[in-house]
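Below is one structure, written out as structure tokens; the observations come after it.
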Amino acid sequence: MTKVLVSDPIDQAGIDILSQVAQVDLRTGLPPEQLREIIGDYDALMIRSGTTVTADIIEAADKLRIIGRAGVGVDNVDVPAATKRGVLVVNSPEGNTIAAAEHALALMLSLSRHVPHAHASTMAGGWDRKTYVGNELYKKKLGVVGLGKIGSHVARVATAMGMELLAYDPFVSPERAQQMQVKLLPLAELFAEADYITLHLPRTPDTENLVNAALLRTMKPTARLVNCARGGIVDEAALAEAVEQGVIAGAALDVYAKEPLAADSPLRTVRERLVLTPHLGASTTEAQENVAIDVAEQIRDVLLGLPARSAVNIPGLNAEVMEQLKPHLQLAETLGQLVSQLAGGAISELEVRLQGEFASHPTQPLVVAALKGMLSTALGDSINYVNASLEAKDRGIHVLEVKDAASRDYAGGSLQLSSRSSKGNHSVTGAVFADGELRVTSIDEFPVNVTPSRHMLFTRHRDMPGIIGQIGSVLGEHNVNIASMQVGRRIVRGDAVMVLSLDDPIPPSLLACVHAINGIQEAHPVTL
Ligand SMILES: NC(=O)C1=CN([C@@H]2O[C@H](COP(=O)(O)OP(=O)(O)OC[C@H]3O[C@@H](n4cnc5c(N)ncnc54)[C@H](O)[C@@H]3O)[C@@H](O)[C@H]2O)C=CC1
Ligand SMILES: O=C(O)C(=O)COP(=O)(O)O
């Protein structure tokens, strides 16, 4: 029975989808040791930000195929460890964009008009209209750090509210910024100029403690900071001090370096001008339904052997690409299996050559498919689209990608894999025909036209009378039935290759007899 563990609260719509294909166990709030103990039973894990998936947990996850993050940030998952183990990580990149953006705007407005403090004072019996005089956002400068999906929505709404938009995002082009009516500035200038600063970037080693005491001191004393992105980007102790001492006018946080926020955090002692929420950015009914459905559908699909649309650790290979390139990926994988079995030893270099029309396809997915096929000979099922590139790199395999659009051999182009190993060099070429059928079109530069089949035998021999008959006899003696046979040669009585498609596997004793035939130079059994 396929089993899915849901270790954080998710919307029922997600559970319903998962239940179509698996037994779903909802166990929230598990301590790490307990999660480690039980994870070995599960094929899939669905989480939000409450579960931290460490390398240790992934190590214990013997059956795990996919980790689904019902939200955006995957900083609570050791993605490199998952990749190494071939575990797919997926998320919901857009399901909670609006919720997070609106929460950042809510925090900005709350801060400006002292909503939480005025509310608390009123509830306590007060009627204080003097202390809580605020500021307008209209005509103020808003600095958006990280102009991605959430940052852009905040920018759009803030523009509509009459704010002037500044942004810092090293990966956004000036054209895009201009289109959004946003002025791109270096980080230091943005901090010095803005009246409000809102953070919408991921937490990475580069962004950790980005907003520290020194940067806070460069802000205007009237400026306010909002962090609805990730804890750890802001130095919390420095921020508490800056707000307390009036270095800045206020701050609002939804996310913290360590969650839940520690009872003794210095942030909890700041009484005024600081608004804290417990990671509520994505907590709307709408967003929770969106992300639960988005991620549960991906888990369901992957468990059914289909591709996921938002894979974090196989860049460039989403469901759309997989669907479009299905036969081409299959060809690359098959040629990878073929070339590794012809090589018969550790391959040190693989050249992936996209010829003719093939050169119009994205290279990366085809290279990954070729590597998966190539490595599966030695590594079996443990190799997949997630870890193929990494495994190849770890094994020191040098991968070369060549696009040769000018080559004209087949209408749809062709794909050639050439391997270099201690035992020699081999190359195989294949094409996808109009009906979607795969063909091997050359082996070691000898032209052939072979449909790949489960059991095959490839020989390299001298083109001379009698050799084919002898091979046929040997196969017959071993009760191995030949489905088809092809010979490729470049010159008469020179070197030739023979490809036999067989109905049965090749026993080792048969291979020894084939090798013993006079004129046979190489014989390679291949299983696809
Ligand atoms: N509080 C909450 O509940 C939620 C928080 N988030 C967080 O919000 C953040 C943004 O999410 P999205 O907009 O969906 O992501 P996104 O990927 O669309 O945008 C992130 C932007 O940050 C930029 N960026 C990366 N490194 C940067 C750097 N060093 N300096 C400046 N900009 C940099 C990227 O170029 C990109 O444009 C993420 O950290 C995510 O985890 C997302 C949803 C809910
Ligand atoms: O999607 C994100 O990145 C979030 O931070 C939302 O976190 P949550 O799913 O509410 O625990």
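As the structure is a computational prediction, the values presented were derived from the model and not from experiment. Below, each value reflects all heavy atoms present in this structure, side chains not excepted, and no hydrogens, waters or symmetry copies. One is the number of the first residue; the rest follow in order along the sequence. Just follow the structure's listing: the first ligand is 1, and inside any ligand the first atom is 1.
The environment of NZ in K3 is crowded: more than 12 heavy-atom neighbours from other residues, nucleotides or ligands sit within 6.0 Å. The 12-atom threshold is not exceeded at NZ of K393, counting heavy atoms of other residues, nucleotides or ligands nearer than 6.0 Å.
Using a 4.0 Å cut-off between charged nitrogen and carboxylate oxygen, R203 and E208 count as a salt-bridge pair. Salt-bridge formation is detected for the pair D294/R309: a Lys NZ or Arg NE/NH1/NH2 atom is positioned less than 4.0 Å from an Asp or Glu carboxylate oxygen.
Within 4.0 Å of ligand 1, protein heavy atoms belong to V72, G73, N96, A100, G146, L147, G148, K149, I150, Y168, D169, P170, F171, H200, L201, P202, T207, C228, A229, R230, D254, V255, H279, G281, A282, listed by chain and number. Residues lining ligand 2 at a heavy-atom distance below 4.0 Å are given as R48, S49, R69, A70, G71, V72, G73, N96, R230, H279, A282, ordered by chain and residue number.
Residues that satisfy the salt bridge (Lys or Arg N to Asp or Glu O under 4.0 Å) test with R395, not counting sequence neighbours, are E391. Under the rule for a ring-ring contact (aromatic ring centres under 6.0 Å, His included), H103 has no partner lying at least two apart in sequence or in another chain.
With hydrogens and angles ignored, the 3.5 Å screen pairs no side-chain donor or acceptor of R300 with any backbone N or O of I17. Put simply, the side chain of D56 never gets that close to the backbone of E59: no donor and acceptor are under 3.5 Å apart.
Among all heavy-atom pairs drawn from G148 and D169, the shortest one is N-OD2, 4.1 Å.
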